[in-house]
There are 2 protein chains.
Amino acid sequence: MTKATRKAIGARIRSLRKQNGLTQVTFANMVNIERAYLSRVESGERNPSIDMIERIANGFGLTLSEFLDGI
Amino acid sequence: MTKATRKAIGARIRSLRKQNGLTQVTFANMVNIERAYLSRVESGERNPSIDMIERIANGFGLTLSEFLDGI
DNA sequence: GTGTGACTTGGAGTCCGTG
DNA sequence: CCACGGACTCCAAGTCACA
């Protein structure tokens, strides 16, 4: 159930990141999170907190609602 | 920053819960979470995971995006 | 440039009780 | 009916190394 959601969020992050021409390292630095952790979130392995999701969404200039639209 | 977000989410939960005429205990049982924990999330004291937010949103029949709209 | 294993630690999340 | 407390358990979050 929620695993699908985590995967979808990870895919969304990866998609937006590539759209903006950013590497994991670059984006991780932008939003001040650990690169290895970002990799795990993108793969759907982790169940991030709402704080973390917000930081990521804001890193793309999106609101939580916009970022999670369609998920 | 994120504290305001947590507070806003808590207020949203409380508002939706009351709109539906549910007590904390009733809703906590519906979405299968601990009543004391729900109380703390509503007060903005906790930083819930995306899984938890999803369970709560779904408890109201909303998607994540709908639930977080305007936050 | 990315994925993953192993580890630590603070806090998420549970259980039960009280005013 | 709700807020808050202690006392847990377990996982999110951060760190490092290596493939």
Side-chain angles (χ1 to χ4, degrees), chain A residues 1-69 71, chain B residues 1-69 71:
Chain A
M1 45 158 182
T2 59
K3 187 155 180 220
T5 305
R6 288 206 297 273
K7 290 239 177 217
I9 290 176
R12 169 72 45 96
I13 295 171
R14 182 159 303 185
S15 165
L16 285 166
R17 180 172 62 77
K18 300 218 164 186
Q19 264 180 42
N20 292 332
L22 302 167
T23 67
Q24 285 184 350
V25 177
T26 318
F27 185 64
N29 286 338
M30 281 173 57
V31 295
N32 204 39
I33 70 182
E34 197 47 39
R35 179 198 67 77
Y37 183 69
L38 175 61
S39 171
R40 288 178 229 262
V41 171
E42 283 192 0
S43 74
E45 184 188 333
R46 297 290 182 136
N47 176 28
S49 71
I50 192 68
D51 270 19
M52 200 48 92
I53 297 288
E54 191 188 23
R55 274 155 73 183
I56 292 171
N58 290 349
F60 293 124
L62 299 174
T63 65
L64 277 171
S65 180
E66 288 166 347
F67 175 71
L68 293 169
D69 189 41
I71 299 194
Chain B
M1 43 158 179
T2 61
K3 187 156 181 218
T5 305
R6 289 205 298 273
K7 290 240 177 216
I9 289 176
R12 169 72 47 97
I13 295 172
R14 181 160 302 186
S15 165
L16 285 166
R17 180 171 62 77
K18 299 219 163 183
Q19 266 180 41
N20 292 336
L22 302 167
T23 67
Q24 286 184 346
V25 177
T26 316
F27 185 65
N29 286 339
M30 282 173 57
V31 295
N32 204 38
I33 69 181
E34 191 51 33
R35 62 173 171 77
Y37 183 66
L38 175 60
S39 171
R40 286 170 177 138
V41 171
E42 284 192 358
S43 72
E45 187 182 329
R46 298 291 179 141
N47 177 30
S49 70
I50 194 68
D51 270 19
M52 199 50 90
I53 298 288
E54 190 187 25
R55 274 153 75 182
I56 291 171
N58 290 349
F60 293 125
L62 299 175
T63 64
L64 277 171
S65 180
E66 288 166 347
F67 175 71
L68 294 169
D69 189 41
I71 299 196

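Chain letters run A, B, ... following the sequence lines, proteins first, then strands; residues in each count from 1.
The two residues B:Glu34 and B:Ala28 have their closest heavy-atom pair at C-CB, 4.3 Å.
Without hydrogens or angle criteria, A:Arg55 side chain to A:Asn32 main chain gives a donor-acceptor distance under 3.5 Å. Checking side-chain atoms of A:Arg35 against main-chain N and O of A:Val25 turns up no donor-acceptor pair under 3.5 Å.
Side-chain nitrogen and oxygen atoms of A:Arg17 include at least one within less than 4.0 Å of the OP1 or OP2 phosphate oxygen of C:dT2.
Side chains of A:Ser65 and B:Ser65: a donor-acceptor N/O pair is present below 3.5 angstrom, by distance only.
Along DNA chain D, the stretch of nucleotides lying under 4.0 Å from any heavy atom of chain B spans, 5' to 3', D:dC1 to D:dG5.
At a threshold of 4.5 Å between non-hydrogen side-chain atoms, the residues B:Ile33 and B:Phe27 do not count as touching.
Within the model, atoms CD1 of A:Ile53 and CD1 of B:Ile53 stand 10.0 Å from one another, a figure rounded to the nearest 0.5 Å.
Taking atom CG on A:Leu22 and atom C1' on C:dT2, their separation rounds to 15 Å, with Å as the unit.
Using a 4.0 Å cut-off on heavy atoms, the residues of residues 33-51 of chain A that approach DNA chain C are A:Arg35, A:Ala36, A:Ser39, A:Arg40, listed by number.
None of A:Arg6, A:Arg40, A:Lys7 except one satisfies the side-chain contact (heavy atoms from CB on, under 4.5 Å) rule with A:Glu45; the exception is A:Arg40.
With sequence neighbours left out, A:Arg12 forms a side-chain contact (heavy atoms from CB on, under 4.5 Å) with A:Leu16, A:Phe67, A:Ile71.
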